[in-house]
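What follows is a short report on a single structure.
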Amino acid sequence: MNDGDLPDDLHGLSEWFGVEPRYWSTKGELVEADPEALVAVCRARGVVLDGPHDLSPLRARVIEDLTRPVAPVVVVWGDGPLVFDVCLDERNTPAWLGLEAELEGGGNHRWDREVVSLPIVDRHELDGRSMSVRRVEVSANLAIGYHRLVVELGSHHHDLHLLVAPERVCQPAPNDRRWGVFVPLYSLRTELGVGPHVGDLDAIAAWVGREGGSIVATLPLLASYLDRPFDPSPYAPVSRRFWNELYLDLERLPETARSPRARSLLDHPDTQREIAELRAGPAFDYARQARLSRQVLAELAATFIREGGPASEEFRAFADTCPDVTDYARFRAAASRAGRGWHAWPEPARLGVLSPADYDDAEVELHRYAQFAMHRQMRDLAARLSARGQDLYLDLPVGAHPDGYDTWRERGLFAEGASTGAPPDDFFSGGQDWGFPPIQPDASRAQGHRHVAECLRHHMKVAGMVRLDHVMQLHRLYWVPEGLGATRGVYVRYPRQELFAVVAIESVRNSCLVVGEDLGTVPDEVREAMGRHGLMGMYVAQFQLPSATGAELPSPPPRALASVNTHDTPTFTGFLRALDIAGRFELGLLDEWDAARERTEREQAVANLVRFLAERGLLEEPGGEHEILRGLLRFLGESDAPAVLVMLDDLWGETDPHNVPGTPLDRPNWVQRMARSLASLAGDRSVLDDLAALERSRARSRARAGEMA
């Protein structure tokens, strides 16, 4: 390659820079990015352009990348060789190349190679320099983990991140045919404690376990803003590395038993009246719940400090695994005092430097204690489930709140001037802007994807299964330039091999299965990579139901987590009744013609489902909505899918969904309370029959798998 081979237009140079100038829409049309959007995304990635004709900075960046001596990250798969390329100036090529691997667990490996013996795989004539690209390959046999590789080229030393990863993530057993239930924790009508809490997940798991289930799944349990700024969405967390203190089981904390003031607060008639009102409320009141809980938490934190808890061996062990917990607590205390997001803070706080004048010490201790307490309860929950042969299933959001801790502490890691979203499709003609900043690919590589690893590790230490929200994030993300709208977004490529390596390392180290959310229009290369590295995909029956007359429902593939629906879809009863279509029409998201068309298609899809289930003998008595659900659960259960999830709401015919994507902010998303208590479910014969039908079908699938093994 020489300078003349590089494109001389914005679209061409952008593509070399990893900013894709075009993509295929859901309708199969090639969408070209407009110049203004490309310029804005290049700026967000750190290349400052004055306009679409100011290409010299972008060209210089591309040449810089092409002539970089070594990449910042090298991946070794399993016990394979260490292979990477070095780019050398032919006018000043060293005679020898030295390699030193400094291992994560201690020790090192050393290799030396004569440069002329390395094969040339490419040549560049760029920026007046003649560059040769030579390939280095040495036998490695290194332990799985995060290592440091020092590359010595003459007098120059280059530090690289060396990821040694298993080829595949943790795998289910060949005849694994499990099932479980999904329930958002906030939706539970708890019968003990101040509000829905971690202990309720254990209670659900114990109940489900008696019926044969081994998975309890829920929405993200990450920290949220519950005062000012207020944003309780589980998919806009303050941090992807800290838990939501709202879900602490306050009654079971050891400090509660030793704090008369905390006990007095909990037992006070006013508190008990407020708890009763919260339990009876039609929607989950995050702000009121948080205000009530924090009064008790403040007393518990004070007790913890008086008793020397921060100096205890248990807390020190926690702090060793979570060294930035104090920094996080100070940030939360500063945010509470400011009452606004960190972008509006004065310097130097906005730039990451807090002074004691920025926060209250008591508030810092509250958050520090709360994270320690959540750590204990999540750890204990995982241990109790494991003892019963069960797993917690957690969801890792694709992003974090723009005014949250992660974006404040790691400002260089997140892009400014763009947010993550999705292009227009059949459901969202205007595209989607999710509001949180995307991670900068180059910045993530520079730190060896440390932040990504920490987010995964935080979840996988307690979960037996983790779902990666929007698994395409490992390949590319749709960046929406600030002020241009979601229809003018642009895809940015990510280093997929490196990111899959991080996922595999954390998965195997923590014995955690990985599910990739691959719903909607997903490029073939994404699912091919998921299969190669052993990630499970998702099969959602509502999305698979064909509307063509006489069409059949395809079976879940053997490497998928199967379910009837998700938290972002209508409930099963709402789906059968087309309530979601009516709701979107009322909100103006569908016009009358489109609503009529979708209703016709839905009626045909439901008719197809009923006929399909009846022909296979999966309907014991035809017609009723509940029997259709039970027949569908039998179908999913008898499939080869390793796991099947059923939403608790569907078992009694709930019609209101937990979330309607793309709806106005005043719609009550993420607050839907269960119409039933756990105690009433455990004694409901119809619900138990549903679970028994699912367990029997799973047992038949297990037996079939065992015969084939």
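Between E347 and R350 there is a salt bridge, since a side-chain N of the basic residue sits under 4.0 Å from a carboxylate O of the acidic one. One finds a salt bridge joining R273 and D270 here, because a Lys/Arg side-chain nitrogen approaches an Asp/Glu carboxylate oxygen to under 4.0 Å. Ion pairing between a basic and an acidic side chain is recognised when a charged N comes within 4.0 Å of a carboxylate O; R240 and E410 show no such pairing. Using a 4.0 Å cut-off between charged nitrogen and carboxylate oxygen, R409 and D324 do not count as a salt-bridge pair. Ion pair E363/R337 not flagged as a salt bridge, since none of the NZ, NE, NH1 or NH2 atoms sits closer than 4.0 Å to an Asp/Glu carboxylate oxygen. Taking the charged nitrogens against the carboxylate oxygens, R316 and E313 have no contact shorter than 4.0 Å, which rules out a salt bridge. One finds a salt bridge joining R288 and E274 here, because a Lys/Arg side-chain nitrogen approaches an Asp/Glu carboxylate oxygen to under 4.0 Å.
With sequence neighbours left out, the salt bridge (Lys or Arg N to Asp or Glu O under 4.0 Å) criterion links D202 to R384, R388. The salt bridge (Lys or Arg N to Asp or Glu O under 4.0 Å) search around D403 returns none, not counting sequence neighbours. By the ring-ring contact (aromatic ring centres under 6.0 Å, His included) test, H161 is found to be paired with no residue, residues two or more places apart in sequence or in another chain being considered. For H449, there are no ring-ring contact (aromatic ring centres under 6.0 Å, His included) partners two or more places apart in sequence or in a different chain. Y328 is linked by a ring-ring contact (aromatic ring centres under 6.0 Å, His included) to F242, Y405, counting only residues two or more places apart in sequence or in another chain. Annotation: side chain to side chain donor-acceptor pair (under 3.5 Å) contacts of Q432 (sequence neighbours excluded): W434. D650 pairs by the side chain to side chain donor-acceptor pair (under 3.5 Å) definition with N565, not counting sequence neighbours. Taking the side chain to side chain donor-acceptor pair (under 3.5 Å) definition, one finds that R263 meets it with E251, D267, sequence neighbours left out. When the side chain to side chain donor-acceptor pair (under 3.5 Å) test is applied to T566, no partner is found at least two apart in sequence or on another chain.
The backbone N or O of F436 lies less than 3.5 Å from no partner atom in the side chain of S419, so there is not a single donor-acceptor pair. Distance alone, capped at 3.5 Å, places no donor-acceptor pair between the R368 side chain and the T326 backbone. Of the possible polar contacts, one joining the R673 side chain to the L188 backbone as a donor-acceptor pair under 3.5 Å is found. In this structure, the side chain of E416 does not engage the main chain of A44 through any donor-acceptor pair within 3.5 Å. Counting only distance, with no hydrogens or angles, the side chain of T256 and the backbone of L250 share a donor-acceptor pair below 3.5 Å. A side-chain donor-acceptor contact under 3.5 Å links S239 to the backbone of R241. Proximity of a side-chain donor or acceptor of R279 to a complementary backbone N or O of R189 within less than 3.5 Å is not detected. Q390 contributes a side-chain N or O that, together with a main-chain N or O of G213, makes up a donor-acceptor pair within less than 3.5 Å. Here the side chain of W342 pairs no donor or acceptor atom with the backbone of L351 at under 3.5 angstrom. At distances below 3.5 Å, at least one donor-acceptor pair connects side-chain atoms of T407 with backbone N or O atoms of G404.
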**Prompt:** Could you walk me through whether M472 and V398 pass the side chain to side chain contact (heavy atoms under 4.5 Å, CB included) check?
**Reply:** CA-CA 10 Å; M472 279 204 300; V398 67; over 6 Å; no

**Item:** side chain to side chain contact (heavy atoms under 4.5 Å, CB included) evaluation trace for Y146 with L163
**Value:** CA-CA 5 Å; Y146 305 96; L163 309 180; 3.5 Å; yes

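Across every non-hydrogen atom of R294 and R291, the tightest pair is CG-O, 3.4 Å. Nearest heavy-atom pair across P642 and M536 is CG-SD, 3.8 Å.
Residue pairs meeting the ring pair (Phe, Tyr, Trp, His ring centres under 6.0 Å) criterion with at least one partner in residues 184-210, sequence neighbours excluded, are Y186-H658. Pairs engaging residues 260-285 under the ring pair (Phe, Tyr, Trp, His ring centres under 6.0 Å) rule: F284-Y286 [sequence neighbours left out]. Note on residues 297-306: pairs passing side-chain hydrogen bond (donor to acceptor under 3.5 Å, both in side chains), not counting sequence neighbours, are S259-T303, R261-E299, T303-R306.
The local environment of CZ in R252 is sparse, with at most 12 non-hydrogen atoms from other residues, nucleotides or ligands closer than 6.0 Å. Atom CD of Q447 is surrounded by more than 12 heavy atoms from other residues, nucleotides or ligands within 6.0 Å. Around the CD atom of E482, the shell of radius 6.0 Å holds no more than 12 heavy atoms that belong to other residues, nucleotides or ligands.
A perpendicular orientation is assigned to the rings of H401 and Y225, their planes being inclined by more than 60° (bins at 30° and 60°). Taking the six-membered ring where tryptophan is involved, the planes of F304 and Y369 are tilted, since the angle between them lies from 30° to 60°.
Once rounded to the nearest 0.5 Å, the distance linking CG of L694 with CG of D690 reads 9.0 Å. To the nearest 0.5 Å, atoms CH2 (W243) and CG (L222) are separated by 6.0 Å.
Checking L394, D395, L645, L561 one by one against M465, the side-chain contact (heavy atoms from CB on, under 4.5 Å) holds for a single residue, L561.
Here the two rings, on Y235 and W670, have centers that are under 6.0 Å apart.
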